[in-house]
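Encoded as structure tokens, the structure appears first; notes follow it.
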Amino acid sequence: RNGNNAVLGGEGQVATAYSNIESTVTVSAVTNLRGTPLNTTSIRWDWAEIPGADFFQVYDITDGTTSPVFLGNTTDNSYEQTGLLANTPHRAAVNAAKTGGPYGPLVYSATFYTLAAQPTPDGSNPVSVTEDTLTAAWGANGNHADTVYRVEISTYSSFLTSVSQDVTGYTAVFSDLSPNIHYYARVRIINNDGSPGTPVTLGDMHTLARSPINVTTQTVSMAGVTLVWNSNGNSPETIYQVRGTTQTDFALGF
């Protein structure tokens, strides 16, 4: 033995008294990273538990993986991201870490959307009609201009059967309707993930009745005059008012 060295086997082989053996600690990548929209302004990011991880780093990568924005650290396997806009896409990245290092690799999420806000009926005139059209109107309530709305009308208050159209914007016009028919209208949001929201009632109204046409005298007798006319497409429930007079201007009538 000479100092810190030892001669082995008489062959002149020398080894240090102590070997420097490094123990490498690694942190696994997170798995099952997913987003759950909580409301119009927040998404909760969740992932599976990682044994041995002391905390997790969470980033926003909505603008791309090359420019992640640090959101915060958490010791839980979830993180609530707030302050977002309604019905907008978002992505996150998460890595597991040990205190003082090392850090696991960033794992990127798919795209998830905040919920769209419920549309609000147009307070001034949510439903307006003509003889053969119905116009439904609502407010955006904070949703972006490209938001899709599903508008429905029905002759049943339960919407047992209905006619619908998907539109952007804040009005929908239904045409080729029958005159003097009672219609109900409602609108629902279509979230960007394709899921529909809860229907919002806009109101109900009859389309306007048309004036009868081809009014003719069927019979004339001492008892009176019998008139007939074409309903011009009005529903069978339409009520008509018949007035008689001896004056051409109907100044006096009965």
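Values reported hereafter were calculated over all heavy atoms of this structure, with side chains retained and with hydrogens, waters and symmetry mates removed.
Residues Thr168 and Asp146 have side chains that never bring a donor and an acceptor to within less than 3.5 angstrom of each other. Looking at Thr41 and Asn39, their side chains do bring a donor and an acceptor atom within 3.5 Å of each other. Asp60 and Gln81 are linked by a side-chain donor-acceptor pair at a separation below 3.5 angstrom, with hydrogens and angles left out of the test. Between the side chains of Asn95 and Gln57, at least one donor N or O lies within less than 3.5 Å of an accepting N or O. Thr99 and Asp54 share a side-chain donor-acceptor pair at under 3.5 Å.
Other residues, nucleotides and ligands place more than 12 heavy atoms under 6.0 Å from the OH atom of Tyr240. Open room surrounds CD1 on Ile239; 12 or fewer heavy atoms of other groups in view lie less than 6.0 Å from it. Heavy atoms of other residues, nucleotides or ligands lying less than 6.0 angstrom from CD of Glu49 number 12 at most.
The main-chain N or O of Asn232 is found under 3.5 Å from a side-chain atom of Asn230 such that the two form a donor-acceptor pair. Although no hydrogens or angles enter the test, the distance criterion places a donor-acceptor pair under 3.5 Å between the side chain of Ser235 and the main chain of Asn180. The backbone N or O of Ala209 lies less than 3.5 Å from no partner atom in the side chain of Asn234, so there is not a single donor-acceptor pair. With hydrogens and angles ignored, the 3.5 Å screen pairs a side-chain donor or acceptor of Thr207 with a backbone N or O of Ser178. Between the side chain of Thr217 and the main chain of Thr219, no donor-acceptor pair closer than 3.5 Å is present. Between the Ser162 side chain and the Ser154 main chain, no donor and acceptor come within less than 3.5 Å of each other. Using a distance-only test at 3.5 Å, with no hydrogens or angles considered, a donor-acceptor pair links the side chain of Thr88 to the main chain of Leu85.
A distance of 9.0 Å separates CD in Gln218 from CG in Leu227, rounded to the nearest 0.5 Å. To the nearest 0.5 Å, atoms OG (Ser231) and CD1 (Ile213) are separated by 8.0 Å. Here the CZ-OG distance, from Phe159 to Ser164, works out to 10.5 Å after rounding to the nearest 0.5 Å. Rounded to the nearest 0.5 Å, atoms CG (Leu115) and CG (Leu38) are 8.0 Å apart. Between Ser157 atom OG and Asp204 atom CG the span is 8.5 Å, to the nearest 0.5 Å. For the atom pair Thr171 OG1 and Asn125 CG, the distance stands at 11.5 Å (nearest 0.5 Å).
Cation-pi geometry between Arg188 and Tyr149 is not satisfied (NZ or CZ under 6.0 Å from the ring centre, within 45° of the ring normal).
Under the 4.5 Å side-chain heavy-atom criterion for Ile, Leu, Val, Met, Phe, Trp and Tyr, Phe55 and Tyr79 are members of distinct hydrophobic clusters. Trp229 and Val220 fall within a single hydrophobic cluster, where Ile, Leu, Val, Met, Phe, Trp and Tyr side chains are chained together by heavy-atom contacts under 4.5 Å. Val173 and Val163 are members of different hydrophobic clusters when ILVMFWY side chains are connected at heavy-atom separations under 4.5 Å. Cluster membership check: Leu33 shares its hydrophobic cluster with Leu71, using side-chain heavy-atom separations under 4.5 Å among Ile, Leu, Val, Met, Phe, Trp and Tyr. Grouping the Ile, Leu, Val, Met, Phe, Trp and Tyr side chains by contacts below 4.5 angstrom, directly or via other members, places Val127 with Leu177.
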**Request:** Mind running side chain to side chain contact (heavy atoms under 4.5 Å, CB included) on Ile189 and Asn143 for me, showing each step along the way?
**Result:** CA-CA 10 Å; Ile189 201 76; Asn143 294 315; 3.5 Å; yes
**Request:** Carefully, step by step, assess Asn32 and Arg34 under the rule side chain to side chain contact (heavy atoms under 4.5 Å, CB included).
**Result:** CA-CA 6 Å; Asn32 199 25; Arg34 62 201 182 278; 3.1 Å; yes
**Request:** Could you walk me through whether Asp46 and Thr36 pass the side chain to side chain contact (heavy atoms under 4.5 Å, CB included) test, one step at a time?
**Result:** CA-CA 8 Å; Asp46 297 279; Thr36 302; 4.2 Å; yes
**Request:** Apply the test side chain to side chain contact (heavy atoms under 4.5 Å, CB included) to residues Met205 and Tyr183: give CA-CA distance (whole Å), side-chain angles for both, the deciding distance (0.1 Å), then the verdict.
**Result:** CA-CA 6 Å; Met205 187 174 285; Tyr183 287 97; over 6 Å; no
**Request:** Could you walk me through whether Ser195 and Asp193 pass the side-chain hydrogen bond (donor to acceptor under 3.5 Å, both in side chains) test, one step at a time?
**Result:** CA-CA 6 Å; Ser195 61; Asp193 62 3; 2.7 Å; yes
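Closest approach of Ala136 and Leu202 over heavy atoms only: CB-CD1, 3.6 Å. Heavy atoms only, all atoms of each residue included: Ala86 and His144 are closest at O-CD2, 3.8 Å. Nearest heavy-atom pair across Pro196 and Asn191 is C-ND2, 4.4 Å. In plain terms, the two heavy atoms of Asn87 and Thr114 that are nearest each other are N-OG1, 2.8 Å. Nearest heavy atom pair, residue Ala96 against residue Val30, reads N-CG1, 4.0 Å. Pairing each heavy atom of Gly35 with each of Ile43, the nearest pair is CA-CG2, 4.0 Å.
Annotation: salt bridge (Lys or Arg N to Asp or Glu O under 4.0 Å) contacts of Asp166 (sequence neighbours excluded): Arg150. Not counting sequence neighbours, the partners of His182 by the ring pair (Phe, Tyr, Trp, His ring centres under 6.0 Å) test are Tyr184, His206.
Sequence neighbours left out, the pairs with a member in residues 90-118 that pass ring-ring contact (aromatic ring centres under 6.0 Å, His included) are Trp45-Phe112.
Between Arg186 and Glu152, at least one side-chain N (NZ, or NE/NH1/NH2) sits under 4.0 Å from a carboxylate O, which counts as a salt bridge.
When side chains are defined from C-beta on, Thr155 counts as touching Ile181, because their heavy atoms get closer than 4.5 Å.
Between Trp47 and Phe56, the distance from one ring center to the other falls under 6.0 angstrom.
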